[in-house]
Protein chains: 2
Amino acid sequence: MHKEHNLTKNQQIIFNLIDKSSEPLKAYTILSNVQKKGIKAPLQVYRALDKLVEIGKIHKIESRNAFIACQNSSCQVSKATAFSICESCEKVTEISNSNLSKYLSNFKDKAGMKYSKYNLEFFGLCKKCITK
Amino acid sequence: MHKEHNLTKNQQIIFNLIDKSSEPLKAYTILSNVQKKGIKAPLQVYRALDKLVEIGKIHKIESRNAFIACQNSSCQVSKATAFSICESCEKVTEISNSNLSKYLSNFKDKAGMKYSKYNLEFFGLCKKCITK
DNA sequence: CTAAAAAGCGTTATATTATAACATATTAAC
DNA sequence: GTTAATATGTTATAATATAACGCTTTTTAG
Ligand SMILES: [Zn+2]
Ligand SMILES: [Zn+2]
Ligand SMILES: [Zn+2]
Ligand SMILES: [Zn+2]
(Lines give C-alpha, C1' and ligand atoms only; values in the text may rest on other atoms or scores of the structure.)
(Ligands and ions follow the chains in the order given, each with its own letter.)
Protein backbone atom coordinates (compact mmCIF):
# COMPACT_ATOMS: atom_id res chain seq x y z
CA MET A 1 0.00 0.00 0.00
CA HIS A 2 1.60 3.19 -1.02
CA LYS A 3 0.49 6.78 -0.84
CA GLU A 4 -0.92 8.25 -4.01
CA HIS A 5 0.91 11.29 -5.16
CA ASN A 6 -0.73 13.84 -7.34
CA LEU A 7 1.97 14.92 -9.69
CA THR A 8 2.37 18.53 -10.55
CA LYS A 9 2.36 19.66 -14.15
CA ASN A 10 6.12 19.48 -14.63
CA GLN A 11 6.38 16.20 -12.78
CA GLN A 12 3.60 14.72 -14.92
CA ILE A 13 5.14 15.85 -18.19
CA ILE A 14 8.50 14.41 -17.26
CA PHE A 15 7.08 11.22 -15.83
CA ASN A 16 5.04 10.61 -18.98
CA LEU A 17 8.11 10.99 -21.13
CA ILE A 18 10.18 8.59 -19.05
CA ASP A 19 7.33 6.14 -18.70
CA LYS A 20 6.75 5.79 -22.41
CA SER A 21 10.45 5.52 -23.17
CA SER A 22 11.87 2.09 -23.89
CA GLU A 23 15.22 3.06 -22.47
CA PRO A 24 16.58 5.06 -19.55
CA LEU A 25 16.64 8.78 -20.26
CA LYS A 26 19.27 11.27 -19.27
CA ALA A 27 18.38 14.60 -17.74
CA TYR A 28 19.40 16.70 -20.71
CA THR A 29 17.72 14.34 -23.16
CA ILE A 30 14.58 14.83 -21.12
CA LEU A 31 15.11 18.56 -21.18
CA SER A 32 15.37 18.71 -24.96
CA ASN A 33 12.22 16.62 -25.25
CA VAL A 34 10.08 18.79 -23.02
CA GLN A 35 11.17 22.22 -24.12
CA LYS A 36 8.22 22.44 -26.46
CA LYS A 37 6.03 21.93 -23.39
CA GLY A 38 7.51 24.95 -21.66
CA ILE A 39 10.13 23.37 -19.46
CA LYS A 40 13.16 25.39 -20.35
CA ALA A 41 15.83 24.95 -17.71
CA PRO A 42 17.84 22.01 -16.33
CA LEU A 43 16.74 22.82 -12.83
CA GLN A 44 13.11 22.33 -13.70
CA VAL A 45 13.98 18.87 -14.92
CA TYR A 46 16.18 17.96 -11.98
CA ARG A 47 13.59 19.12 -9.49
CA ALA A 48 10.92 16.97 -11.05
CA LEU A 49 13.32 14.03 -11.26
CA ASP A 50 14.25 14.38 -7.59
CA LYS A 51 10.64 14.27 -6.58
CA LEU A 52 9.76 11.38 -8.86
CA VAL A 53 12.69 9.39 -7.49
CA GLU A 54 11.68 10.25 -3.94
CA ILE A 55 8.15 8.94 -4.39
CA GLY A 56 9.32 5.87 -6.27
CA LYS A 57 7.74 6.56 -9.67
CA ILE A 58 11.14 6.47 -11.32
CA HIS A 59 14.58 5.18 -10.43
CA LYS A 60 18.02 6.48 -11.21
CA ILE A 61 20.42 4.09 -12.90
CA GLU A 62 23.53 5.29 -11.10
CA SER A 63 26.08 3.79 -13.45
CA ARG A 64 24.43 5.53 -16.39
CA ASN A 65 23.18 8.78 -14.89
CA ALA A 66 19.84 7.99 -16.40
CA PHE A 67 16.27 7.55 -15.25
CA ILE A 68 13.76 4.78 -15.83
CA ALA A 69 10.13 4.41 -14.80
CA CYS A 70 9.44 1.97 -12.03
CA GLN A 71 8.32 -1.37 -13.44
CA ASN A 72 6.79 -2.59 -10.20
CA SER A 73 3.57 -0.60 -10.13
CA SER A 74 5.27 2.26 -8.36
CA CYS A 75 7.71 0.47 -6.22
CA GLN A 76 6.64 -0.05 -2.69
CA VAL A 77 10.26 -1.00 -2.65
CA SER A 78 11.64 2.17 -4.18
CA LYS A 79 14.28 1.86 -1.52
CA ALA A 80 15.26 -1.58 -2.69
CA THR A 81 16.08 -1.51 -6.34
CA ALA A 82 17.81 -3.95 -8.66
CA PHE A 83 18.50 -3.69 -12.35
CA SER A 84 20.08 -5.67 -15.12
CA ILE A 85 22.03 -3.74 -17.69
CA CYS A 86 23.21 -5.04 -21.04
CA GLU A 87 26.67 -3.66 -21.73
CA SER A 88 26.21 -4.10 -25.44
CA CYS A 89 22.78 -2.66 -26.26
CA GLU A 90 22.34 -0.79 -22.95
CA LYS A 91 18.95 -2.33 -22.34
CA VAL A 92 17.99 -1.89 -18.70
CA THR A 93 15.40 -3.95 -16.87
CA GLU A 94 14.18 -3.63 -13.34
CA ILE A 95 14.53 -6.94 -11.57
CA SER A 96 11.55 -8.05 -9.58
CA ASN A 97 12.47 -11.09 -7.59
CA SER A 98 11.13 -11.56 -4.11
CA ASN A 99 13.85 -14.00 -3.14
CA LEU A 100 16.52 -11.46 -4.05
CA SER A 101 14.77 -8.57 -2.36
CA LYS A 102 14.20 -10.62 0.79
CA TYR A 103 17.81 -11.71 0.84
CA LEU A 104 19.11 -8.18 0.47
CA SER A 105 16.60 -6.55 2.76
CA ASN A 106 17.60 -8.94 5.51
CA PHE A 107 21.29 -8.72 4.86
CA LYS A 108 23.39 -7.72 7.85
CA ASP A 109 27.07 -6.99 7.66
CA LYS A 110 29.45 -7.48 10.54
CA ALA A 111 29.85 -3.74 11.11
CA GLY A 112 26.32 -3.58 12.50
CA MET A 113 25.04 -0.98 10.10
CA LYS A 114 21.34 -0.37 9.93
CA TYR A 115 20.38 -0.40 6.27
CA SER A 116 17.37 1.45 4.97
CA LYS A 117 17.99 1.21 1.26
CA TYR A 118 20.00 -0.54 -1.40
CA ASN A 119 20.68 -0.38 -5.10
CA LEU A 120 22.00 -3.27 -7.13
CA GLU A 121 23.11 -3.18 -10.74
CA PHE A 122 23.98 -6.32 -12.67
CA PHE A 123 25.96 -6.00 -15.90
CA GLY A 124 26.25 -8.47 -18.71
CA LEU A 125 24.81 -9.37 -22.05
CA CYS A 126 21.13 -9.74 -22.78
CA LYS A 127 19.80 -12.74 -24.67
CA LYS A 128 19.74 -10.86 -27.94
CA CYS A 129 23.30 -9.63 -27.59
CA ILE A 130 24.79 -12.96 -26.49
CA THR A 131 24.01 -14.56 -29.82
CA LYS A 132 25.60 -11.81 -31.86
CA MET B 1 45.25 -15.79 -8.25
CA HIS B 2 45.36 -12.47 -9.96
CA LYS B 3 47.80 -10.90 -12.34
CA GLU B 4 50.24 -8.45 -10.88
CA HIS B 5 50.10 -5.07 -12.47
CA ASN B 6 53.03 -2.76 -12.41
CA LEU B 7 51.56 0.64 -11.99
CA THR B 8 52.91 3.54 -13.98
CA LYS B 9 54.06 6.67 -12.26
CA ASN B 10 50.75 8.50 -12.48
CA GLN B 11 48.78 5.42 -11.54
CA GLN B 12 51.01 4.86 -8.52
CA ILE B 13 50.74 8.44 -7.32
CA ILE B 14 46.99 8.38 -7.58
CA PHE B 15 46.62 4.92 -6.10
CA ASN B 16 48.76 5.88 -3.11
CA LEU B 17 46.59 8.90 -2.44
CA ILE B 18 43.36 6.92 -2.61
CA ASP B 19 44.78 4.03 -0.62
CA LYS B 20 45.85 6.17 2.31
CA SER B 21 42.59 8.09 2.36
CA SER B 22 40.03 7.18 4.97
CA GLU B 23 37.19 8.19 2.70
CA PRO B 24 36.28 7.90 -0.98
CA LEU B 25 37.94 10.61 -3.05
CA LYS B 26 36.46 12.50 -5.96
CA ALA B 27 38.38 13.03 -9.16
CA TYR B 28 38.91 16.74 -8.74
CA THR B 29 39.87 16.34 -5.09
CA ILE B 30 42.48 13.88 -6.28
CA LEU B 31 43.60 16.33 -8.93
CA SER B 32 44.12 19.12 -6.45
CA ASN B 33 46.11 16.77 -4.23
CA VAL B 34 48.51 15.60 -6.90
CA GLN B 35 49.19 18.84 -8.70
CA LYS B 36 52.35 19.32 -6.70
CA LYS B 37 53.48 15.98 -8.09
CA GLY B 38 53.12 17.17 -11.66
CA ILE B 39 49.72 15.84 -12.56
CA LYS B 40 48.04 18.92 -13.89
CA ALA B 41 44.99 17.98 -15.92
CA PRO B 42 41.72 16.16 -15.19
CA LEU B 43 42.38 13.74 -18.00
CA GLN B 44 45.55 12.51 -16.40
CA VAL B 45 43.56 11.70 -13.30
CA TYR B 46 40.68 10.08 -15.13
CA ARG B 47 43.00 7.92 -17.20
CA ALA B 48 44.73 6.61 -14.13
CA LEU B 49 41.41 6.06 -12.38
CA ASP B 50 40.04 4.13 -15.35
CA LYS B 51 43.01 1.83 -15.33
CA LEU B 52 42.99 1.34 -11.56
CA VAL B 53 39.31 0.48 -11.68
CA GLU B 54 39.91 -1.91 -14.57
CA ILE B 55 42.56 -3.86 -12.69
CA GLY B 56 40.58 -3.86 -9.46
CA LYS B 57 42.92 -1.77 -7.28
CA ILE B 58 40.16 0.76 -6.71
CA HIS B 59 36.39 0.85 -7.06
CA LYS B 60 34.04 3.60 -8.04
CA ILE B 61 31.21 4.37 -5.66
CA GLU B 62 28.64 5.15 -8.31
CA SER B 63 26.17 6.96 -6.10
CA ARG B 64 28.91 9.33 -4.94
CA ASN B 65 31.12 9.68 -8.00
CA ALA B 66 34.04 8.84 -5.80
CA PHE B 67 36.80 6.28 -5.64
CA ILE B 68 37.97 3.98 -2.87
CA ALA B 69 40.85 1.52 -2.65
CA CYS B 70 39.90 -2.13 -2.78
CA GLN B 71 39.76 -3.57 0.72
CA ASN B 72 40.02 -7.18 -0.42
CA SER B 73 43.71 -7.42 -1.30
CA SER B 74 43.07 -6.22 -4.82
CA CYS B 75 39.74 -7.71 -5.49
CA GLN B 76 39.80 -10.92 -7.40
CA VAL B 77 36.18 -9.97 -7.43
CA SER B 78 36.60 -6.47 -8.79
CA LYS B 79 33.64 -7.39 -10.93
CA ALA B 80 31.54 -8.20 -7.92
CA THR B 81 31.50 -5.28 -5.55
CA ALA B 82 29.37 -4.38 -2.58
CA PHE B 83 29.54 -1.39 -0.30
CA SER B 84 27.82 0.03 2.72
CA ILE B 85 27.37 3.78 2.81
CA CYS B 86 26.39 5.81 5.84
CA GLU B 87 24.04 8.56 4.73
CA SER B 88 24.94 10.67 7.73
CA CYS B 89 28.75 10.63 7.92
CA GLU B 90 29.32 9.25 4.39
CA LYS B 91 31.57 6.52 5.66
CA VAL B 92 31.93 3.85 2.98
CA THR B 93 33.03 0.28 3.61
CA GLU B 94 33.58 -2.50 1.13
CA ILE B 95 31.56 -5.52 2.12
CA SER B 96 33.38 -8.80 2.05
CA ASN B 97 30.91 -11.57 2.58
CA SER B 98 31.27 -14.82 0.73
CA ASN B 99 27.65 -15.77 1.24
CA LEU B 100 26.52 -12.53 -0.37
CA SER B 101 28.97 -12.73 -3.23
CA LYS B 102 28.04 -16.34 -3.92
CA TYR B 103 24.37 -15.50 -3.86
CA LEU B 104 24.75 -12.62 -6.27
CA SER B 105 27.27 -14.29 -8.55
CA ASN B 106 24.87 -17.18 -9.01
CA PHE B 107 21.79 -15.04 -9.38
CA LYS B 108 19.81 -15.65 -12.55
CA ASP B 109 16.90 -13.53 -13.59
CA LYS B 110 14.07 -14.80 -15.72
CA ALA B 111 15.17 -12.83 -18.77
CA GLY B 112 18.11 -15.17 -19.22
CA MET B 113 20.77 -12.53 -19.08
CA LYS B 114 24.37 -13.63 -18.71
CA TYR B 115 25.85 -11.51 -15.96
CA SER B 116 29.54 -10.82 -15.76
CA LYS B 117 29.57 -8.14 -13.11
CA TYR B 118 27.53 -6.47 -10.41
CA ASN B 119 27.67 -3.53 -8.07
CA LEU B 120 25.66 -3.26 -4.89
CA GLU B 121 25.38 -0.25 -2.61
CA PHE B 122 23.64 -0.39 0.75
CA PHE B 123 22.60 2.85 2.41
CA GLY B 124 21.83 3.47 6.03
CA LEU B 125 23.35 4.64 9.25
CA CYS B 126 26.59 3.38 10.68
CA LYS B 127 26.87 2.35 14.32
CA LYS B 128 28.31 5.70 15.31
CA CYS B 129 25.59 7.68 13.58
CA ILE B 130 22.67 5.59 14.84
CA THR B 131 23.33 6.63 18.41
CA LYS B 132 23.44 10.32 17.66
C1' DC C 1 67.77 -7.21 -31.71
C1' DT C 2 64.32 -4.62 -33.74
C1' DA C 3 60.18 -3.19 -35.89
C1' DA C 4 55.43 -2.80 -35.01
C1' DA C 5 51.79 -2.47 -31.83
C1' DA C 6 49.93 -1.15 -27.59
C1' DA C 7 49.75 1.63 -23.71
C1' DG C 8 50.67 5.81 -21.54
C1' DC C 9 51.49 10.90 -21.31
C1' DG C 10 50.74 16.09 -21.72
C1' DT C 11 47.89 19.63 -23.22
C1' DT C 12 43.99 22.41 -24.77
C1' DA C 13 39.43 22.64 -25.40
C1' DT C 14 34.83 21.24 -24.66
C1' DA C 15 30.90 18.28 -23.36
C1' DT C 16 27.92 16.58 -19.83
C1' DT C 17 25.81 16.44 -15.40
C1' DA C 18 24.14 18.96 -11.48
C1' DT C 19 23.38 22.77 -8.07
C1' DA C 20 23.23 27.76 -5.97
C1' DA C 21 20.63 31.69 -5.34
C1' DC C 22 16.66 34.46 -5.60
C1' DA C 23 12.11 36.03 -6.69
C1' DT C 24 7.38 34.56 -7.49
C1' DA C 25 3.37 31.44 -7.60
C1' DT C 26 0.53 27.64 -6.19
C1' DT C 27 -1.27 24.39 -2.90
C1' DA C 28 -2.41 22.44 1.64
C1' DA C 29 -3.33 22.99 6.54
C1' DC C 30 -5.30 25.31 10.23
C1' DG D 1 -8.28 33.66 4.75
C1' DT D 2 -3.75 33.54 6.66
C1' DT D 3 0.24 30.81 7.03
C1' DA D 4 3.42 27.26 5.90
C1' DA D 5 5.08 24.16 2.69
C1' DT D 6 5.89 22.98 -2.17
C1' DA D 7 6.59 24.07 -6.57
C1' DT D 8 8.00 27.21 -10.35
C1' DG D 9 10.85 30.27 -13.47
C1' DT D 10 15.18 32.20 -14.36
C1' DT D 11 20.11 33.27 -14.54
C1' DA D 12 24.41 31.92 -13.42
C1' DT D 13 27.84 28.67 -12.17
C1' DA D 14 29.84 24.40 -10.16
C1' DA D 15 31.22 19.68 -10.66
C1' DT D 16 32.08 15.68 -13.39
C1' DA D 17 33.87 13.69 -17.58
C1' DT D 18 35.51 13.17 -22.46
C1' DA D 19 37.34 14.50 -27.42
C1' DA D 20 41.15 15.25 -30.14
C1' DC D 21 45.92 15.65 -31.17
C1' DG D 22 50.75 14.76 -31.13
C1' DC D 23 54.31 12.63 -28.76
C1' DT D 24 56.89 9.06 -25.79
C1' DT D 25 57.57 4.77 -23.50
C1' DT D 26 56.77 -0.03 -22.93
C1' DT D 27 55.52 -4.45 -24.57
C1' DT D 28 55.18 -7.99 -27.93
C1' DA D 29 56.29 -10.84 -31.72
C1' DG D 30 59.23 -12.16 -35.45
ZN1 LIG E 1 10.70 0.08 -8.98
ZN1 LIG F 1 21.78 -6.35 -25.26
ZN1 LIG G 1 37.45 -4.80 -3.83
ZN1 LIG H 1 27.88 7.36 9.96
Side-chain angles (χ1 to χ4, degrees), chain A residues 3-18 21 23-68 85 87 90 92 119 121 123, chain B residues 3-18 21 23-68 78 85 87 90 92 119 121:
Chain A
K3 187 166 175 296
E4 269 312 325
H5 287 274
N6 296 312
L7 301 184
T8 65
K9 184 162 148 282
N10 287 0
Q11 290 162 11
Q12 190 69 62
I13 290 169
I14 287 172
F15 175 71
N16 287 347
L17 182 70
I18 296 172
S21 170
E23 58 186 7
L25 295 178
K26 292 172 160 263
Y28 279 72
T29 304
I30 292 168
L31 177 57
S32 68
N33 277 285
V34 296
Q35 284 185 315
K36 53 196 162 216
K37 303 218 173 179
I39 295 176
K40 292 175 188 158
L43 202 42
Q44 294 175 287
V45 173
Y46 280 105
R47 285 198 284 226
L49 290 174
D50 284 351
K51 188 66 185 186
L52 290 167
V53 166
E54 185 193 327
I55 65 182
K57 301 280 286 182
I58 65 173
H59 304 301
K60 182 174 188 180
I61 310 300
E62 291 287 356
S63 65
R64 298 299 185 264
N65 297 317
F67 300 85
I68 191 176
I85 302 171
E87 290 184 297
E90 291 292 323
V92 174
N119 180 56
E121 298 180 5
F123 305 90
Chain B
K3 187 166 175 295
E4 268 313 325
H5 287 274
N6 297 311
L7 302 184
T8 65
K9 184 162 150 281
N10 288 1
Q11 289 162 12
Q12 190 69 62
I13 290 169
I14 287 172
F15 175 69
N16 286 348
L17 182 69
I18 296 173
S21 170
E23 58 185 8
L25 295 178
K26 291 172 160 260
Y28 279 73
T29 304
I30 292 169
L31 176 58
S32 69
N33 277 284
V34 296
Q35 284 185 315
K36 54 197 162 215
K37 304 219 171 176
I39 295 176
K40 292 174 188 159
L43 201 42
Q44 294 175 287
V45 173
Y46 280 105
R47 284 197 284 225
L49 290 174
D50 284 351
K51 187 67 185 185
L52 291 167
V53 166
E54 184 194 327
I55 65 182
K57 300 280 287 182
I58 66 173
H59 303 302
K60 181 172 187 181
I61 309 301
E62 291 287 355
S63 66
R64 299 296 186 264
N65 298 318
F67 299 85
I68 190 176
S78 80
I85 302 171
E87 291 185 297
E90 290 293 322
V92 173
N119 180 57
E121 297 180 6

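Of the residues near DNA chain C, Lys9(B) and Asn65(B), the one whose nearest nucleotide (by heavy atom distance) lies more toward the 5' end is Lys9(B).
At whole-Å resolution of the value, CD in Gln12(A) and P in dA7(D) are 14 Å apart. Between the CD atom of Glu62(A) and the C1' atom of dT17(C) there is a distance of 12 Å, rounded to whole Å. Between the CD atom of Gln35(A) and the C1' atom of dT8(D) there is a distance of 16 Å, given to the nearest Å. Between the P atom of dA7(D) and the CD1 atom of Ile13(A) lies a distance of 15 Å, rounded to the nearest Å. Rounding to whole angstrom units, CG of residue Leu31(A) and P of dT10(D) are separated by 13 Å. The CD1 atom of Ile30(A) sits 14 Å away from the C1' atom of dT16(C) (whole-angstrom rounding). Here dA17(D) presents its C1' atom at 12 Å from NZ of Lys26(B), a figure rounded to the nearest Å. Rounded to a whole Å, the CZ atom of Arg64(B) is 16 Å from the C1' atom of dA15(D).
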Distances for protein N/O vs nucleotides 28-30 of chain C N/O pairs under 3.5 angstrom?
none

Could you list all N or O pairs between the protein and nucleotides 23-26 of chain D that sit under 3.5 Å apart?
none

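Applying the side chain to side chain donor-acceptor pair (under 3.5 Å) test to Glu23(A) and every residue at least two apart in sequence or in another chain returns nothing. For the side chain to side chain donor-acceptor pair (under 3.5 Å) test, residues two or more places apart in sequence or in another chain that qualify with Ser63(B) are Glu121(B). Under the side chain to side chain donor-acceptor pair (under 3.5 Å) criterion, Gln12(B) pairs with Asn16(B), not counting sequence neighbours. Remark: Lys51(A) pairs with Glu54(A) by the salt bridge (charged side-chain N to carboxylate O under 4.0 Å, His left out) rule, at least two apart or across chains. By the salt bridge (charged side-chain N to carboxylate O under 4.0 Å, His left out) test, Arg47(B) is found to be paired with no residue, residues two or more places apart in sequence or in another chain being considered. With sequence neighbours left out, Glu87(B) forms a side-chain contact (heavy atoms from CB on, under 4.5 Å) with Ser116(A), Lys117(A), Arg64(B), Phe123(B).
Contact between the side-chain N/O atoms of Thr8(B) and the OP1/OP2 oxygens of dC9(C) is found at a separation under 4.0 Å.
On a pure distance criterion of 3.5 Å, no polar donor-acceptor pair joins the side chain of Tyr28(A) and the base of dA15(C).
Helix bend of the helix from dC1(C)-dG30(D) to dC30(C)-dG1(D): the angle between its two end axes, each built from five pairs, comes to 60° after rounding to 10°.
With values rounded to the nearest 0.5 angstrom, Ile68(B) atom CD1 is found 14.0 Å from Lys60(B) atom NZ.
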Q: Please assess Val53(A) against His59(A) for the test side chain to side chain contact (heavy atoms under 4.5 Å, CB included), listing each intermediate value before the final yes or no.
A: CA-CA 5 Å; Val53(A) 166; His59(A) 304 301; over 6 Å; no
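Proximity of residues 36-53 of chain B to DNA chain C (heavy atom under 4.0 angstrom from any strand atom) is restricted to Lys40(B), Ala41(B), Leu43(B), Gln44(B), Arg47(B), Lys51(B).
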Report, one line per pair, each donor and acceptor closer than 3.5 Å where one atom sits in a side chain of residues 30-42 of chain A; sequence neighbours left out.
unit_1, atom_1, unit_2, atom_2, d
Ser32(A), OG, Thr29(A), O, 3.0
Asn33(A), ND2, Thr29(A), O, 2.8

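Between Phe67(A) and the options Ile58(A), Val45(A), Ile14(A), a side-chain contact (heavy atoms from CB on, under 4.5 Å) holds for only Ile58(A).
Side-chain contact between Leu7(B) and Lys57(B): present, with at least one pair of heavy atoms (C-beta onward) separated by less than 4.5 Å.
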